[in-house]
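One structure is given here, and the rest of the page talks about it.
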Protein chains: 2
Amino acid sequence: MAGEIKQRMIDSTALLLAKRGLQGTSFSEIIEASGAPRGSLYHHFPGGKDELVLAAVGAAGERAMAVLEQLSGRSAVDVATAFLALWRSVLTRSEFSAGCAVAAVTVAADSNELLDRAGGVFRGWRHSLSDLLTAGGVDERRAQALAASLIAAGEGAVVLSRAERSLEPFDLVANEQLAVIEAASGGHPRHHDDPTRSDPA
Amino acid sequence: MAGEIKQRMIDSTALLLAKRGLQGTSFSEIIEASGAPRGSLYHHFPGGKDELVLAAVGAAGERAMAVLEQLSGRSAVDVATAFLALWRSVLTRSEFSAGCAVAAVTVAADSNELLDRAGGVFRGWRHSLSDLLTAGGVDERRAQALAASLIAAGEGAVVLSRAERSLEPFDLVANEQLAVIEAASGGHPRHHDDPTRSDPA
DNA sequence: GTCTATACGAAGATAGAC
DNA sequence: GTCTATCTTCGTATAGAC
């Protein structure tokens, strides 16, 4: 099916963006990584690299959204734990060579269109997380602040840990965030050796 | 003096890195921005772009360290407020077009040398902030986690606000972090309409 | 020590065959 | 619709004059 190869190109692009950043990701690498023929790239994406990157940012956003949707009905601590575990697994599975594609694109964006797409993804995450935290026992106003904090702290912690090539900063940040969420949600307890560390997938 | 022009090249590079990212920053732009003659670039930096970027990351690290050193003796909330205000002013003064040069380099680093430099900067910030928070009334172990959280949340919040081109996410995150610091330092109160917003410099 | 002109390579885009 | 070969642009680096 034609959609197969197209999707593989998008996914490969998202991964490369998360590893090397926007301008650090070349067409040649995408082609090699996806196994796609060079000619078909412009067939599927007439807009070239810009169009492909736009699609990859959207896909990265959707992937996280899909994870969040699975968490409906869980406690606030569970939700936060799962969200942080997602980022931790990105670090461990890539051996600190990958981070967040959306953030990587944001700090090197060369068009408003790209920035809009990235902003839309973050807005979506904030909204979804906020709803989940509210449902999980957090006051609605506070949930908005905690959702933004969770995303910001997670994103930042990934950067710190990539630079230091150590999980130490990420784990410090993750534990701190979980403690705050726990307190804000009325103290649903979490496991002692925090569940963030159980690698999913 | 020869050091003048060299410093201006470094500073221009740091600013461009914060705006456009690593590979998005070209030599031509640096030359234009710094007003330096093209020939003198390789005179001062025989190692070319790599050497210049390395220096710029170090300079960006030092600049924040200098701000932190001014805060010795202040309360934990004051320290956190000043640190967050620093990032908020980067956003407002650049109209959301700039972020953190160290983070931008980290997510697009193409050498271990560069990653090491960035990691060293973050370690330095963490250490310094942790000491300040401890002196400001926070338990020593907790101060390490709060220092990492403050940096991570600040970095992440800058990314969110750049992408959304709005201070909303940054302010949500900053207020949340300040509330946590306040609680952890024994409740030294902060102003009602948070002092993060008073732009320094 | 500063400048200009240029060489070299890489990356994105395109044209035309199959 | 898929592929290959090529064109153009741009960015880094260097060489050599002043």
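Labels below follow one simple rule: chain letters A, B, ... track the order of the sequence lines, proteins then strands, and each chain is numbered from 1. Source: prediction; values computed, not measured.
- OP1 or OP2 of C:dT2 has at least one side-chain nitrogen or oxygen of B:His44 nearer than 4.0 Å.
- With hydrogens and angles ignored, the 3.5 Å screen pairs no side-chain donor or acceptor of A:Ser72 with any backbone N or O of A:Glu69.
- In this structure, B:Arg20 CZ and A:Leu22 CG are separated by 13.0 Å, a value rounded to the nearest 0.5 Å.
- Here A:Phe122 contributes atom CZ and A:Arg117 contributes atom CZ; the two are 14.0 Å apart, rounded to the nearest 0.5 Å.
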Listing, residues 30-38 of chain A side-chain donor-acceptor contacts under 3.5 Å, not counting sequence neighbours, or none:
| unit_1 | atom_1 | unit_2 | atom_2 | d |
| --- | --- | --- | --- | --- |
| A:Ser34 | OG | A:Ile30 | O | 2.9 |
| A:Ser34 | OG | A:Ile31 | O | 3.4 |
| A:Ser34 | OG | A:Ala36 | N | 3.3 |

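- Between A:Trp125 and A:Phe83, the ring planes lie perpendicular to each other; the angle is over 60°, past the 30° to 60° tilted range.
- Rounded to a whole Å, the CG atom of B:Leu16 is 12 Å from the P atom of D:dG11.
- Side-chain N or O atoms of A:Ser161 include one that pairs as donor or acceptor with a backbone N or O of A:Ser166 at under 3.5 Å.
- If you take CZ of B:Phe45 and P of C:dG1, they are 15 Å apart, rounded to a whole angstrom.
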Would you give a per-nucleotide map of nucleotides 12-18 of chain C, 5' to 3', where B means the base has a protein non-hydrogen atom under 4.0 Å away, S means only the sugar-phosphate does, and - means neither?
BBB----

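- Between the NE2 atom of B:His43 and the P atom of D:dT14 there is a distance of 15 Å, given to the nearest Å.
- In this structure, A:Arg20 places its CZ atom 15 Å from C1' of C:dA11, rounding to the nearest Å.
- The separation between A:Lys6 atom NZ and D:dG1 atom C1' is 14 Å, rounded to whole Å.
- Distance, A:Ile31 CD1 to D:dT4 P: 11 Å, rounded to whole Å.
- Rounded to an integer number of Å, the gap from CG of B:Leu52 to C1' of D:dG11 is 14 Å.
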